S.K.: 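Take a look at this one; I'll ask things after.
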Amino acid sequence: MSEYIQKILAEVKAKNPNEPEFHQAIQEVTESLKIVFDRHPEYQSAKILERMVEPERLIMFRVPWMDDQGEIHINRGFRIEMNSAIGPYKGGLRFHSSVTLGILKFLAFEQVFKNSLTTLPMGGGKGGSDFSPKGKSDNEIMRFCQSFMTELFRHIGPNTDVPAGDIGVGTREIGYLFGQYKRLKNEFTGVLTGKGLNWGGSLVRPEATGYGVVYFAEEMLKTKGTSFDGKTVAVSGFGNVAWGAVQKVNDLGGKVVTLSGPDGYIYDPDGIKGEKVDYMLRLRSSNKDIVEDYAKEFNVEFFAGRKPWEVKVDVVLPCATQNEILEEDAKQIVENGTMCVCEGANMPTTIEGVKVFHEAGILYAPGKASNAGGVATSGLEMSQNSMRLPWPSKEVDERLREIMIRIHNTCITTADRFGTPGNYVNGANIAGFLKVADAMLDQGLV
Ligand code: NDP
Ligand code: 2IT
């Protein structure tokens, strides 16, 4: 690693202590950028990377709310406005007990590159809270969302910062957040995406991240002259992204045999199809945080405390959360003869895990490229809101597929151009970086 990159990493670690995920995300990107700095010293002298690792603005606030028994709780709310060089800040909100400032900073940093790859005019941001929806009633979730928005509303807007969903935030939560924003501002605008269809949402947004992951993986398989037809697939998670991915794998003739939760994984050798896919929605909205119920409902095996990576499959789609594929999991996946790993979650594979995939020469795509279909369709929702015209689902789906194919091709051609053919990590990091970096150069010292 060059001295320059090492110096930046050391500074980031010193300035942002106890934020290992943020360090990890920056390390992964900077390793790819070394080749860029060798060829283009102008980015180094303009200190573009040093600027990019520092959020433009960071908002942290108190979220007090009352539970159904009248007890008061205080959670912490965040919004990281990371980079607005190419458009308004854009990115999801995560509600999960594990949320910390460092986790949201890693997600906001990734989002800048991802949004750049979509070809749409969106900057990067992320937010959320350490509030856990697990075991909460609908009314409690509503009161929490209203309190969260009572502070957040003054910092966001359709041309400033447009949040959406992520872990623990789906259409229900977006509804409560949108309702409160509208009351406070007396404005009906596209300030959030992932809205319900009757109040400004886009068709295909709920499915978009998962569909996009599978469209991307389909392009990866094509480079080896094959397709999803007849392939077995391991999916982790059972949330929004997993749900969309399972449906599209089925459409393309593949068979998904696993789902997972924090409690373990289920193995369904007949494939997750038909009513089983609908059941995933019930599982997700039960707020129980477990996948074991699927095994009971459909009489399949459940493996407590284990990950689905021990199952022999052709394709792996990690769709749960960060760092769910460790080095030893990656080795297991390679040993299983898996040919393609395409990430639905953000940073599900550790740096050591990615190294294992690269050394084995299997197809591997990082989330910032392969899961960009969610935010891309959020961008399409923003376009429809601005035009005040909803598009039919076929049109949204076709645009989504085109965007995913374009991102795939950008990764391939950029990796080639910088002398690392087939390396999707370098392709995504470099292409994502160049667009934002050039915009920052154009805009002066920002
Ligand atoms: P959901 O809340 O719908 O589902 C998240 C899934 O991951 C659930 O199965 C959840 O289980 C599980 N999970 C969450 N935290 C943990 C944990 N610490 N350990 C094990 N399992 C966990 O979220 P999404 O499907 O929206 O998000 C999944 C991933 O995809 C995340 O990495 C997210 O950042 C990423 N992503 C989401 C996009 C979107 O548009 N929604 C777009 C692009 C990426 P449980 O609920 O039981 O905790
Ligand atoms: O990680 C992500 O890209 C998301 N959670 C979606 C963000 C968005 O603004 O749609």
Side-chain angles (χ1 to χ4, degrees), residues 21 87-99 103-104 106-115 117-118 120 122-128 132-135 161-174 190 192-195 201-202 204-213 235-246 259-266 280-281 283-294 305 307-308 317-324 343-349 366-382:
E21 293 86 359
Y89 309 106
K90 180 84 196 86
L93 296 172
R94 176 176 292 192
F95 292 169
H96 197 270
S97 52
S98 63
V99 162
I103 286 186
L104 295 180
F106 117 63
L107 289 162
F109 185 74
E110 289 280 289
Q111 199 80 44
V112 173
F113 294 80
K114 184 194 305 194
N115 293 4
L117 288 169
T118 63
L120 301 174
M122 298 182 290
K126 199 85 187 189
S132 170
K134 186 176 166 181
D161 184 352
V162 183
D166 192 80
I167 291 178
V169 178
T171 312
R172 173 182 54 176
E173 290 75 18
I174 294 291
L192 292 158
T193 59
K195 299 185 290 299
S202 173
V204 191
R205 177 63 187 90
E207 296 85 355
T209 311
Y211 276 20
V213 173
V235 167
S236 65
F238 60 87
N240 170 264
V241 179
W243 170 74
V246 168
L259 294 175
S260 73
D263 54 332
Y265 79 92
I266 61 98
M280 288 176 73
L281 290 177
L283 207 57
R284 179 73 195 80
S285 60
S286 70
N287 293 346
K288 276 170 67 185
D289 216 6
I290 55 169
V291 79
E292 188 181 4
D293 287 359
Y294 180 104
K307 298 183 192 174
L317 305 176
C319 297
T321 193
Q322 65 274 358
N323 293 332
E324 52 169 323
E343 296 182 346
N346 285 307
M347 207 170 73
T349 313
K368 65 169 76 70
S370 48
N371 74 30
V375 73
T377 308
S378 279
L380 300 178
E381 183 172 329
M382 289 166 74

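The model shown is predicted, which means the values in this text are computed figures rather than measured ones. Every heavy atom of this structure was used, including side-chain atoms; hydrogens, water molecules and symmetry mates were not. Remember, it's 1-based here, ligands and their atoms both numbered in the order they're listed.
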S.K.: For atom 6 (C) of ligand 2, state which one of K368, R205, K90, K114 supplies the nearest heavy atom.
M.R.: R205
S.K.: Check each heavy atom of R284 against ligand 1 and say whether those closer than 4.0 Å belong to the side chain, the backbone, both or neither.
M.R.: side chain
S.K.: Between the main-chain N or O of G125 and the side-chain N or O of D161, is there a donor-acceptor pair closer than 3.5 Å?
M.R.: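 No.
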S.K.: Using a 4.0 Å heavy-atom threshold (strictly under), name the region of T209 that reaches ligand 1: side chain, backbone, both or neither.
M.R.: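 Side chain only; the backbone of T209 stays clear of ligand 1.
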S.K.: Heavy atoms only: which of T321, D289, V375, N371 is nearest to atom 13 (N) of ligand 1?
M.R.: T321
S.K.: Taking E173 for the side chain and G170 for the main chain, is one N or O donor matched with an acceptor at less than 3.5 Å?
M.R.: yes
S.K.: Examine the proximity of ligand 1 to H96 and report which part, side chain or backbone, both or neither, has a heavy atom under 4.0 Å away.
M.R.: side chain
S.K.: Could you walk me through whether K307 and E324 pass the salt bridge (Lys or Arg N to Asp or Glu O under 4.0 Å) test, one step at a time?
M.R.: CA-CA 8 Å; K307 298 183 192 174; E324 52 169 323; over 6 Å; no
S.K.: Quick check on R94 - does any of its heavy atoms sit under 4.0 Å from an atom of ligand 2?
M.R.: no
S.K.: For the pair Q111 (side chain) and G124 (backbone), establish whether a donor and an acceptor sit closer than 3.5 Å, ignoring hydrogens and angles.
M.R.: no
S.K.: Distance under 4.0 Å to a non-hydrogen atom of G168: what atoms of ligand 1 satisfy this?
M.R.: 2 (O)
S.K.: D166 versus ligand 2: do any nitrogen or oxygen atoms come within less than 3.5 Å of each other?
M.R.: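 Between D166 and ligand 2, an N or O pair is found under 3.5 Å apart.
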S.K.: Can any side-chain N or O of E381 pair as donor or acceptor with the backbone N or O of G194 at less than 3.5 Å?
M.R.: yes
S.K.: Number the atoms of ligand 1 from 1 as they appear, then name those within less than 4.0 Å of a heavy atom of G237, with their elements.
M.R.: 9 (O)
S.K.: Please list, in number order, the atoms of ligand 1 under 4.0 Å from a heavy atom of A345.
M.R.: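 Reading through ligand 1 atom by atom, the close ones are 29 (C), 30 (O), 32 (O), 35 (C).
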S.K.: Contact between M122 and ligand 2, counting heavy atoms under 4.0 Å?
M.R.: no
S.K.: Do V204 and S202 make a side-chain contact, defined as non-hydrogen atoms from C-beta onward lying under 4.5 Å apart?
M.R.: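 V204 does not reach S202 side chain to side chain.
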S.K.: For F238, which residues count as a ring pair (Phe, Tyr, Trp, His ring centres under 6.0 Å) partner, sequence neighbours excluded?
M.R.: none
S.K.: Give me the atom names and distance for the closest heavy-atom approach of A245 to L317.
M.R.: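 Closest heavy-atom pair between A245 and L317: CB-CD1, 4.3 Å.
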S.K.: Return yes or no for this condition: an N or O of G165 is under 3.5 Å from an N or O of ligand 2.
M.R.: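 So ligand 2 has an N or O lying under 3.5 Å from an N or O of G165.
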S.K.: So which heavy atom in the protein is nearest atom 5 (C) of ligand 1, and how far is it from that ligand atom?
M.R.: I167 CG1, 3.9 Å
S.K.: Nearest protein heavy-atom contact for atom 4 (O) of ligand 1: which residue, which atom, what distance?
M.R.: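 Protein heavy atom at minimum distance: G239 CA, 3.3 Å.
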S.K.: Taking heavy atoms and a distance under 4.0 Å, where does N346 meet ligand 2: side chain, backbone, both or neither?
M.R.: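 It is the side chain that gets close, since no backbone atom is under 4.0 Å.
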S.K.: With heavy atoms under 4.0 Å as the rule, classify the contact between R205 and ligand 1 as side chain, backbone, both or neither.
M.R.: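 Just the side chain.
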S.K.: Using atom types as modelled and distance alone, determine if a side-chain donor or acceptor of R205 lies under 3.5 Å from a backbone N or O of G374.
M.R.: yes
S.K.: For atom 36 (N) of ligand 1, tell me which residue out of N346, L281, D263 has the closest non-hydrogen atom.
M.R.: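 Looking at heavy atoms only, the winner is N346.
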S.K.: Among all protein heavy atoms in this structure, tell me which lies nearest to atom 10 (O) of ligand 2, with the distance rounded to 0.1 Å.
M.R.: S378 OG, 2.5 Å
S.K.: Contact between E110 and ligand 2, counting heavy atoms under 4.0 Å?
M.R.: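 It does not; every heavy atom stays at 4.0 Å or beyond.
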S.K.: Just to be sure I'm reading this right: ignoring hydrogens, which of V235, V241, N323 gets closest to atom 30 (O) of ligand 1? Compare them by their nearest heavy atoms.
M.R.: V241
S.K.: Going by the order shown, which atoms of ligand 1 are within less than 4.0 Å of some heavy atom of R94?
M.R.: 31 (C), 32 (O), 33 (C), 34 (O)
S.K.: Which ligand 2 atoms does A164 reach within 4.0 Å, using its non-hydrogen atoms?
M.R.: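 What qualifies from ligand 2 is 8 (C), 9 (O), 10 (O).
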S.K.: Among all protein heavy atoms, pick out the one at the shortest distance from atom 7 (C) of ligand 2; state its residue, atom name and that distance to 0.1 Å.
M.R.: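 In this structure, atom 7 (C) of ligand 2 has G92 N, 3.5 Å as its nearest protein heavy atom.
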S.K.: Looking at atom 10 (C) of ligand 1, is any protein heavy atom nearer than 4.0 Å to it?
M.R.: no
S.K.: Who are the ring pair (Phe, Tyr, Trp, His ring centres under 6.0 Å) partners of Y265, not counting sequence neighbours?
M.R.: F303
S.K.: Is there a donor-acceptor pair under 3.5 Å between the side chain of N115 and the backbone N or O of K90?
M.R.: yes
S.K.: Backbone N or O of T209 within a donor-acceptor pair of the N371 side chain at under 3.5 Å?
M.R.: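 Side chain of N371 to backbone of T209: no pair is present.
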S.K.: Is it the case that the side chain of K114 and the backbone of A372 share a donor-acceptor pair, with hydrogens and angles ignored and the cut-off at 3.5 Å?
M.R.: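 Such a contact is absent between K114 side chain and A372 backbone.
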S.K.: Please list the nearest protein heavy atom to atom 31 (C) of ligand 1 with its residue and the distance rounded to 0.1 Å.
M.R.: A320 O, 3.4 Å
S.K.: Any atoms of ligand 1 less than 4.0 Å from a non-hydrogen atom of N240? List them with their elements.
M.R.: 1 (P), 3 (O), 25 (O), 26 (O), 41 (N)
S.K.: Could you check if a side-chain atom of K126 sits within less than 4.5 angstrom of a side-chain atom of N346, using non-hydrogen atoms only?
M.R.: yes
S.K.: Is a side-chain N or O of S132 found less than 3.5 angstrom from the main chain of H96, in a donor-acceptor match?
M.R.: no
S.K.: State the atoms of ligand 2, each with its element, that fall below the 4.0 Å cut-off from a heavy-atom position in G91.
M.R.: 7 (C), 9 (O)
S.K.: When only distance counts, is I290 in polar contact with ligand 1, meaning an N/O pair under 3.5 Å?
M.R.: no
S.K.: Of the non-hydrogen atoms in T171 and K195, which two are nearest, and what is the gap between them?
M.R.: CG2-C, 4.3 Å
S.K.: Which atoms of ligand 1 are found less than 4.0 Å from any heavy atom of D166?
M.R.: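 Ligand 1 atoms under the 4.0 Å threshold to D166: 26 (O), 33 (C), 34 (O), 36 (N), 37 (C).
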S.K.: One pair to check against side chain to side chain contact (heavy atoms under 4.5 Å, CB included): R94 and T321. What are the steps and the verdict?
M.R.: CA-CA 11 Å; R94 176 176 292 192; T321 193; 4.0 Å; yes
S.K.: Which ligand 1 atoms does C319 reach within 4.0 Å, using its non-hydrogen atoms?
M.R.: 28 (C), 29 (C)
S.K.: State, with a plain yes or no, whether a side-chain heavy atom of R284 is found less than 4.5 Å away from one of N240.
M.R.: no
S.K.: State the atoms of ligand 2, each with its element, that fall below the 4.0 Å cut-off from a heavy-atom position in K126.
M.R.: 1 (O), 2 (C), 4 (C), 5 (N)
